[in-house]
Amino acid sequence: MDAQAAIAVISTEQLSALAQSPLTINPCSPFSDRPLLLCDLGTPSSDWRSAAAWLRQLPCPVLGIAGDAQAPLARACDTWLPDLAAASDCIDNIRRRPLAAAILVQLLRFSETLPLADALQAESLAYATLQGGAEFQAWLAGNRSEAAATIRDDGPAVLLQRQQDTLQLTLNRPSNRNAMSVELRDALCEALQLALADDAIERIEIDARGKCFSTGGDVSEFGSAPDTATAHLVRSLALPGRLLARCAQRTRVIVHGACIGSGIEFPAFAAQIAARPNAWFQLPELKYGLIPGAGGCVSIARRIGRQRTAWMVLSGARIDAQTALAWGLVDALLDSA
């Protein structure tokens, strides 16, 4: 299908006219066959201020195409791409999961100005909404795991080692690719609570055993919460990223291999992330009908900005360690040893 035939494509002049009309009807909706707005930014707008304000009120993703990525109107879009070809993956994914895509961009728009704690609450509520939504339930119906993942690792889920004023935490479920299971989540919370309670711990270092840092949420546990309200309240009480944010300035996380979903959402709260050259990063939650729910709509957006975060989720694309360094998602690259 021609991407332009599937969505509303407007020029900046058309956008200005729509923004100034009190009787404007939204040209797109997640409930229609046009679940996003594509704005051709190749020509300047005569009234970008009213157009920018109007864009932020639309109940759907707004993709800016061409033009100057730093122009005010481009920055008002949910993400920016150099041409239509570069937007194709985002367009396809939004069409498959229009409800999750719409909630994602709405959350990113208003949470960027909220205090961190409030933004995390907003993310959790949005995530809970989608857990009860049709898109996630459809995915779950065809993919629900009948058994929990098999763990073949000795020792606790998180290894703790104290050396003078440094606390070393190591994710210790390599057989499950350090997926963020309930067990691993709770172990991280306990370890970080220890660090917060002990003023003598001046440095915290976090790394992981195995081929990768973490592949994110344990898919075998998806849908295991009794209801979405309970799931939200559990996140309010037991979110490792919330605790990491409180001790961020004394924490360094070393990542390697796959850092997927919460496998980068959690580290992004730390003041410093060092990546091995083989590290790569991805936010694939949209394919489940969800959004990042381990704090990533806050931690990642405050590192790389709202638009790049939206692009990572909407496209589902991977970025390598060099790109992550250039964007500020990580702070340093280490050698491969």
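Residue numbers run from 1 in the order of the sequence given.
How far OG1 of T166 is from CZ of R252: 10.5 Å, rounded to the nearest 0.5 Å. Atom-to-atom distance recorded for L283:CG and K287:NZ is 12.0 Å, nearest 0.5 angstrom. One finds the OG1 atom of T79 at 7.0 Å from the CG atom of L314 (value rounded to the nearest 0.5 Å). Rounded to the nearest 0.5 Å, atoms SG (C60) and CZ (F31) are 11.5 Å apart. The CG atom of D89 sits 6.5 Å away from the OG atom of S315 when rounded to the nearest 0.5 Å.
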**Message:** Set out, in order, the CA-CA distance, both residues' side-chain angles and the distance that settles salt bridge (charged side-chain N to carboxylate O under 4.0 Å, His left out) for E112 and R302, then state yes or no.
**Reply:** CA-CA 7 Å; E112 64 181 343; R302 295 187 184 203; over 6 Å; no

**Prompt:** Between L243 and L188, does a side-chain contact (heavy atoms from CB on, under 4.5 Å) hold up when you go through it step by step?
**Reply:** CA-CA 9 Å; L243 296 170; L188 279 171; over 6 Å; no

**Request:** Start with the C-alpha gap between S236 and Q121, add the side-chain angles, then the distance that decides, and say whether side chain to side chain donor-acceptor pair (under 3.5 Å) holds.
**Result:** CA-CA 7 Å; S236 298; Q121 290 289 73; 3.2 Å; yes

**Request:** May I have the step-by-step check of side chain to side chain donor-acceptor pair (under 3.5 Å) for N172 and R209, ending in yes or no?
**Result:** CA-CA 6 Å; N172 186 38; R209 292 183 57 219; 2.3 Å; yes

**Item:** Full working for salt bridge (charged side-chain N to carboxylate O under 4.0 Å, His left out) between R276 and D207
**Value:** CA-CA 11 Å; R276 302 292 184 190; D207 62 7; over 6 Å; no

**Request:** Quick one: do E202 and R250 satisfy salt bridge (charged side-chain N to carboxylate O under 4.0 Å, His left out)? Show the steps, please.
**Result:** CA-CA 6 Å; E202 297 182 1; R250 46 187 171 133; over 6 Å; no

**Request:** Given side chain to side chain donor-acceptor pair (under 3.5 Å), test D218 with S220 step by step and report yes or no.
**Result:** CA-CA 5 Å; D218 190 335; S220 71; 2.6 Å; yes

**Request:** Carefully, step by step, assess D40 and S11 under the rule side chain to side chain donor-acceptor pair (under 3.5 Å).
**Result:** CA-CA 5 Å; D40 182 352; S11 69; over 6 Å; no

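Side chains of I264 and I273 form a contact here, defined as non-hydrogen atoms less than 4.5 Å apart. In this structure, L130 and I291 have side chains that are in contact, with non-hydrogen atoms separated by less than 4.5 Å. No side-chain heavy atom of W280 sits under 4.5 Å from any side-chain heavy atom of C259.
One hydrophobic cluster, built from ILVMFWY side chains closer than 4.5 Å, holds both L194 and V253.
Salt-bridge check for R97 with E135: failed, with every basic side-chain N at 4.0 Å or more from each acidic carboxylate O.
For the side chain to side chain donor-acceptor pair (under 3.5 Å) test with D78, the passing option among R56, Q307, Q106, R109 is R109; the others fail.
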